[in-house]
Structure formats: C-alpha cells, structure tokens
Novice: 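The structure under discussion is supplied below as structure tokens; questions concerning it will follow.
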Amino acid sequence: MTKRRVGVLVMSYGTPESLDQVEAYYTHIRRGHPPTPEQLHELTARYEAIVGGFFPLRENTNKQVKGLEDTLRAEHPEVEFVCYQGLKHAQPYVEDGVEQMVKDGITEAVGVVLAPHYSTMSVGGYVKRAKDKAEELGLKMSFVLDYHLHAKLIDALSSRVEKALTKFPDAERNDIRVIFTAHSLPEKILEMKDPYPDQLLATSKAIAERVQLTNWQFGWQSAGQTAMPWLGPDILDVLKQIHKEEGVKNVLLCPIGFVSDHLEVLYDIDIEAQALAKELGLHLERTESLNTDPLYMQTLSDVVYTKWQEES
Ligand code: FEC
C-alpha cells in the first residue's frame with residue numbers, strides 16, 4: 001500500500017545569514033520601511049556582539065526541522081511526513097514553503113510554528129500568510145495554533161530549570177528568584193483579548209508546580225523601541241526592582257517564549273541582562289534553550305500528528 005504523503009510547514013522567525021543582509025531583514029520586519037542608519041547600526045552591533053556576527057538561528061531552525069521530520073517518521077512510519085520551512089522575515093518565506101509543497105505534489109499539509117504560545121501578532125501572522133497562500137494554490141492545510149501546556153514541553157522546560165538551579169551551589173532553592181520570560185508585544189493586544197499573556201502564565205505555573213518553585217515571577221523582554229507602549233514589566237526593570245526593593249541576589253531567567261538560541265536570548269539575556277546583573281552584583285543564570293531536545297521534537301510531532309488526524 002502506498003503511504004499517504006503529508007506536508008508539514010514548519011514556520012519560524014528567520015534571521016539574516018550574514019551582516020550585509022541585516023538591512024534587508026530589518027526592512028522586512030519593519031514592513032518595507034528601511035531602518036534609519038542609527039537603527040541599522042544598533043542592530044548590526046547586536047549581531048556582531050553574539051560570537052562575532054554568527055547567526056545561530058538559521059542552523060538551529062534547519063536542525064529543528066530535520067529533527068521533527070525524523071521524529072514524525074519514526075513515530076508514524078505508516079505516513080510519509082515531509083517537512084518544509086516557512087520563515088517570517090527571511091527566505092524561504094512562509095509563502096515560498098507553501099508553494100514548494102504544491103510544486104512537490106503535496107495535497108494535504110499541517111502548519112506549525114516554532115513558538116508555543118499563540119498571539120494574533122505572532123503565530124496568528126504566520127498562520128494567516130500560510131493560509132492565504134494555501135487557499136490561492138488550492139492546498140488543503142490545517143494549523144497547530146499553540147502547544148504551551150503539552151506535557152512533554154513542560155517536562156523539557158522543567159528539567160532545564162532543575163538543571164540550572166544547580167548553578168547556584170551556595171543558595172537555598174527558595175532564595176533563587178526564577179523569572180520566566182517571553183518577547184513583549186504592543187499593549188494593544190490586551191484590548192484584542194489576545195491569549196498570549198495568559199498562555200505564558202499558564203506555562204510558567206505548570207513549570208513552577210512541577211519543580212515546586214515558590215519564588216518565581218514573569219517578566220517581558222526584547223520590547224521594540226516604538227512610540228506605542230509594550231507589555232511590561234521589562235526584565236531589566238524587574239532586575240533593578242527586585243535587587244533594590246527585595247534584596248534578591250540570585251536570579252534564574254527561563255525564556256519560555258523562545259525555543260532556540262538566537263539574538264533575543266544570546267544578546268538580550270546573555271549580554272544585556274547579564275551586564276546589568278553584574279553592575280547590580282546579582283548572580284544571574286539562564287536555562288538552556290530547547291533547540292533539538294528530543295522532548296521538544298516529540299511535542300511538535302504529537303501536535304502535528306494530532307492536528308492531521310483531526311482534519312483527515
Ligand atoms: O536571531 C535572530 O536573528 C532573530 C531573533 C528574533 C526572534 C524573534 C522572535 C519574536 N519577535 C516577536 C515580536 C516582534 C515584534 C517586533 C519585533 C522586532 C524584531 C527585530 C529583531 C527581532 N525582532 Fe522579533 N524576534 C527576533 C528579532 N519582534 C531583530 C527588529 C529590531 C528590534 O525591535 O529589536 C516589532 C516589529 C513588528 O511589529 O513586527 C512585535 C515575537 C517573537 C517570538 C515568537 C516568534 O519566534 O515568532 C512575538 C527569534
């Protein structure tokens with residue numbers, strides 16, 4: 001019997017592949033408006049600061065997509081799952097991924113984003129672009145919208161917190177403030193009753209319960225520099241506040257909104273937040289990113305397979 005072939009569009013943020021691509025990438029993020037020379041200089045400097053301009057997101061996404069395809073095929077040998085990439089701000093764009101599936105003769109597909117929490121501005125944006133293209137080309141496509149409470153994701157994140165807590169050998173567990181973080185979004189999402197903040201809090205609570213944390217909170221990171229207000233408090237303000245007002249000395253950051261090592265983790269946490277911690281005399285550590293953790297690959301495989309079954 002011939003196997004059913006199912007396309008999987010794995011969507012992710014995208015990154016420039018070299019410093020000379022930063023301007024085009026930034027222009028795409030800014031919906032076609034080129035950055036000012038100052039903005040471009042500032043972003044380029046951030047990429048240069050992370051291991052001399054090396055762009056880890058590209059390779060990490062390649063490995064995650066391959067890892068998901070291998071896991072799907074191993075767990076469901078009766079179906080031929082074929083994974084494609086669709087990036088938000090770099091090639092191959094979301095639309096290119098859909099087009100490639102159709103060129104390859106795929107007639108049914110599932111879309112999933114490498115971000116566990118749903119927001120109209122993040123996952124919703126990826127899904128809309130893929131859906132529009134799939135409809136245009138007549139491809140049957142369904143979408144995973146979130147997986148922030150999947151048991152294997154919570155297992156993977158909890159074991160990272162457990163492991164990172166051992167980096168404070170001189171502190172009692174309850175003396176370490178664990179701060180779960182995610183990318184901030186413009187405050188206007190609250191008026192839209194967006195599930196993003198509640199989903200992030202739900203993931204944080206599930207991990208805290210599993211690891212039996214009592215000393216934890218949530219903070220936003222990486223907010224954009226625009227005139228509109230973004231969700232806060234920002235982790236840099238949180239670090240200052242808990243140091244000054246609560247006398248906290250040990251902090252573990254756990255970026256639950258991200259699944260890979262990239263600029264927002266390697267610069268915003270490892271360089272920017274770390275520099276502030278040093279200045280304040282705080283001991284700051286961060287949990288390791290999920291990258292290709294088998295539990296994360298199994299989470300993605302489960303949600304893709306379940307979605308495909310629901311729709312077939
Ligand atoms: O390593 C890399 O090269 C890329 C790292 C990267 C990831 C990422 C993930 C998310 N973003 C989200 C929201 C926004 C909104 C804006 C925005 C702007 C930027 C800029 C850079 C950037 N983001 Fe990002 N984001 C990454 C990088 N992001 C660079 C432009 C300069 C700056 O503001 O720092 C504002 C523009 C807009 O309105 O689009 C909003 C969210 C995520 C997590 C979910 C996901 O991965 O899709 C939400 C990785």
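Order of appearance sets the numbers: ligands from 1, and atoms from 1 within every ligand.
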Novice: Tell me the contacting part of Leu43 for ligand 1: side chain, backbone, both, or neither, using a 4.0 Å heavy-atom threshold, strictly below.
Specialist: side chain
Novice: Checking a contact table here: which protein heavy atom is nearest atom 46 (O) of ligand 1, and how many Å away?
Specialist: Tyr126 OH, 3.8 Å
Novice: Can you check whether Tyr196 has an N/O within less than 3.5 Å of an N/O in ligand 1?
Specialist: no
Novice: Among all protein heavy atoms, pick out the one at the shortest distance from atom 4 (C) of ligand 1; state its residue, atom name and that distance to 0.1 Å.
Specialist: Tyr25 OH, 3.3 Å
Novice: Would you say that Asp302 contacts Lys152 through its side chain, given a criterion of any heavy-atom pair below 4.5 Å between the two side chains?
Specialist: yes
Novice: Do the side chains of Glu135 and Lys140 get close enough for a salt bridge, i.e. N-O under 4.0 angstrom?
Specialist: no
Novice: For atom 44 (C) of ligand 1, which protein heavy atom lies nearest, and how many Å away is it?
Specialist: Ala115 CB, 4.0 Å
Novice: Between Ile179 and Trp216, is there a side-chain heavy-atom distance shorter than 4.5 Å?
Specialist: no
Novice: Any Lys/Arg nitrogen of Glu136 or Lys133 sitting under 4.0 Å from an Asp/Glu carboxylate oxygen of the other?
Specialist: yes
Novice: What is the closest protein heavy atom to atom 16 (C) of ligand 1, and at what distance does it sit?
Specialist: Trp230 CH2, 3.9 Å
Novice: Is any NZ, NE, NH1 or NH2 atom of the basic residue among Asp261 and Arg286 found under 4.0 Å from an Asp or Glu carboxylate oxygen of the other?
Specialist: yes
Novice: Return the residue, atom name and 0.1 Å-rounded distance of the protein heavy atom closest to atom 33 (O) of ligand 1.
Specialist: Gly224 CA, 4.1 Å
Novice: How far is atom 36 (C) of ligand 1 from its nearest protein heavy atom, and which residue and atom name does that atom have?
Specialist: Ile29 CG2, 3.7 Å
Novice: Nearest protein heavy-atom contact for atom 19 (C) of ligand 1: which residue, which atom, what distance?
Specialist: Tyr13 OH, 3.3 Å
Novice: Could you tell me whether Lys88 sits above the aromatic face of Tyr126, with NZ or CZ closer than 6.0 angstrom to the six-membered ring centre and within 45 degrees of the axis?
Specialist: yes
Novice: If the test is salt bridge (Lys or Arg N to Asp or Glu O under 4.0 Å), which one of Lys128, Lys131, Arg129 qualifies with Glu95?
Specialist: Arg129
Novice: Under 4.0 Å from a heavy atom of Arg31: give me the atoms of ligand 1 that qualify, with their elements.
Specialist: 37 (C), 38 (O), 39 (O)
Novice: Report the part of Tyr267 (side chain from C-beta onward, or backbone N, CA, C, O) that has a heavy atom under 4.0 Å from ligand 1; answer both or neither where that applies.
Specialist: neither
Novice: To check your reading of the model: name the closest protein heavy atom to atom 43 (C) of ligand 1, its residue, and the distance in Å.
Specialist: Phe258 CE2, 3.9 Å
Novice: Which bit of Val113 is near ligand 1, meaning a heavy atom under 4.0 Å away: side chain, backbone, both or neither?
Specialist: neither
Novice: Please work out whether any backbone atom (N, CA, C, O) or any side-chain heavy atom from C-beta onward of Leu263 is under 4.0 Å from ligand 1, and answer side chain, backbone, both or neither.
Specialist: both
Novice: For ligand 1, find out whether one of its N or O atoms is nearer than 3.5 Å to an N or O atom of Tyr47.
Specialist: yes
Novice: Quick check on contacts: which atoms of ligand 1 are under 4.0 angstrom from a heavy atom of Arg46?
Specialist: 31 (C), 32 (C), 34 (O)
Novice: Above 12 or not: heavy atoms from other molecules or residues under 6.0 Å from CD of Glu310?
Specialist: yes
Novice: Check each atom of ligand 1 against the heavy atoms of Tyr26 and keep those under 4.0 Å away; list them by number with element.
Specialist: 30 (C), 31 (C)
Novice: Got a salt bridge between Glu78 and Lys3, using NZ or NE/NH1/NH2 to carboxylate O under 4.0 Å?
Specialist: no
Novice: Please indicate whether Lys167 has more than 12 foreign heavy atoms, meaning atoms of other residues, nucleotides or ligands, lying under 6.0 Å from its NZ.
Specialist: yes
Novice: List every atom of ligand 1 that sits less than 4.0 Å from any heavy atom of Ser122, numbering the atoms from 1 in the order shown and giving each element.
Specialist: 48 (C)
Novice: With respect to atom 14 (C) of ligand 1, which of His183, Arg30, Gln39 exhibits the smallest heavy-atom separation?
Specialist: His183
Novice: Do Ser289 and Val265 come within less than 4.5 Å of each other through their side chains, counting heavy atoms only?
Specialist: yes
Novice: For atom CD of Glu246, decide whether the heavy atoms of other residues, nucleotides or ligands shown that lie under 6.0 angstrom number more than 12.
Specialist: yes
